[in-house]
Peer 1: 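Okay, here's the structure, questions in a sec.
Just so we're clear, the structure is a prediction, and the values are computed from it rather than from any experiment.
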Amino acid sequence: MPNVLGNVAGLVLVMGTLVSGVRWLTTGRPPRFVQPAVTRLEARRDLRRPVPEPIPPILLAMELSRLAAHIRRVEAGDQPRKAERLMAARLAYDHALRDYCRAVDIPVPQAIRGLSREQRFHMESALIGAGHDW
C-alpha cells in the first residue's frame with residue numbers, strides 16, 4: 001500500500017509539472033514557484049544585452065527616398081500582383097517615415113497597419129517644416 005501511494009504522488013507531481021511547463025510554453029507566463037528566478041534571470045540578461053545604437057536620420061532619409069522611388073516604379077510598372085506590391089511598398093514607406101519622424105523628435109501617430117493619406121501628409125509636412133528633406 002505505501003508503494004501505491006508513493007507512485008500516485010509521484011505521478012501527480014510529474015503531471016502537474018508537465019501541465020505547468022506546457023502552460024508556460026503556450027502563454028509565456030512561468031509558474032508561480034519559478035517566477036522570482038525567471039525575473040532575476042531576465043533582469044541579468046537585459047543588463048548584459050547591449051543597447052542598440054539609433055540609426056542616424058540621414059540614413060533614414062536615404063531609405064525613405066529609395067522607398068518613394070520604389071513606389072513610383074511599382075505604380076508605373078505593369079508587373080503581376082500590382083496591388084500587393086504597392087501595398088507592401090507603402091507599408092515599408094510608412095514604417096521608414098515613422099522611424100525618421102521618431103529620430104528627429106516629431107510626434108508619430110499610433111497606427112497598427114499603414115498610415116492614412118492624411119497622416120502620411122501631415123508627417124511629411126512636419127518633416128519638411130522642420131528642415132528635413134529626402
Peer 1: Which heavy atom of L59 sits nearest to which heavy atom of I55, and what is that distance?
Peer 2: CB-CG2, 4.0 Å
Peer 1: Could you tell me which non-hydrogen atom of K82 sits nearest to which non-hydrogen atom of G77, and how far apart they are?
Peer 2: NZ-O, 3.5 Å
Peer 1: Looking only at heavy atoms, which two atoms of L115 and R120 are closest? And how far apart?
Peer 2: O-NH2, 3.1 Å
Peer 1: Nearest 0.5 angstrom please: R40 CZ to R44 CZ, how far?
Peer 2: 8.0 Å
Peer 1: Identify each donor-acceptor pair in which a side-chain atom of residues 27-38 lies under 3.5 Å from a protein atom, sequence neighbours left out, and give them as a table.
Peer 2:
unit_1: T27; atom_1: OG1; unit_2: R23; atom_2: O; d: 2.7
unit_1: T27; atom_1: OG1; unit_2: R29; atom_2: N; d: 3.3
unit_1: Q35; atom_1: NE2; unit_2: T39; atom_2: OG1; d: 3.0

Peer 1: To the nearest 0.5 Å, what is the distance between CG on L64 and CZ on R98?
Peer 2: 12.5 Å
Peer 1: Test of understanding: clusters of I, L, V, M, F, W, Y form through side-chain heavy atoms closer than 4.5 Å, transitively. Do M62 and L127 belong to the same one?
Peer 2: yes
Peer 1: Tell me every residue that passes salt bridge (charged side-chain N to carboxylate O under 4.0 Å, His left out) with R66, counting only those two or more places apart in sequence or in another chain.
Peer 2: E63
Peer 1: Using a 6.0 Å cut-off, check whether atom CD of E118 has over 12 heavy atoms from anything other than its own residue.
Peer 2: no
Peer 1: Considering the options L97, D99, L91, which one meets the side chain to side chain contact (heavy atoms under 4.5 Å, CB included) requirement together with H95?
Peer 2: D99
Peer 1: Do other residues, nucleotides or ligands put more than 12 heavy atoms under 6.0 Å from I128 CD1?
Peer 2: yes
Peer 1: Apply the test side-chain contact (heavy atoms from CB on, under 4.5 Å) to residues W134 and E124: give CA-CA distance (whole Å), side-chain angles for both, the deciding distance (0.1 Å), then the verdict.
Peer 2: CA-CA 10 Å; W134 62 98; E124 289 171 344; 3.7 Å; yes
Peer 1: If I take atom NE2 from residue H132 and atom SG from residue C101, how far apart are they, to the nearest 0.5 angstrom?
Peer 2: 9.0 Å
Peer 1: How long is the span from the CZ atom in R73 to the CG atom in L86, to the nearest 0.5 Å?
Peer 2: 12.5 Å
Peer 1: Inspect the surroundings of CD1 in I58 and state if more than 12 heavy atoms from other residues, nucleotides or ligands are less than 6.0 Å away.
Peer 2: no
Peer 1: Flag the pair R49 and E42 as a salt bridge only when some basic side-chain nitrogen lies within less than 4.0 angstrom of an acidic carboxylate oxygen.
Peer 2: no
Peer 1: Above 12 or not: heavy atoms from other molecules or residues under 6.0 Å from CZ of R45?
Peer 2: yes
Peer 1: Do you know the tightest heavy-atom contact between I71 and A89?
Peer 2: CG1-CB, 3.7 Å
Peer 1: Let's go through R85 and E75 carefully: what are the C-alpha distance in whole Å and the side-chain angles of both, what is the deciding distance for salt bridge (charged side-chain N to carboxylate O under 4.0 Å, His left out) to 0.1 Å, and is it a yes or a no?
Peer 2: CA-CA 9 Å; R85 291 174 189 272; E75 286 175 342; over 6 Å; no
Peer 1: Where is the tightest heavy-atom contact between P57 and Y100, given as atom of each residue plus distance?
Peer 2: O-CE1, 3.4 Å
Peer 1: Would you say M123 and P109 make side-chain contact, with heavy atoms under 4.5 Å?
Peer 2: yes
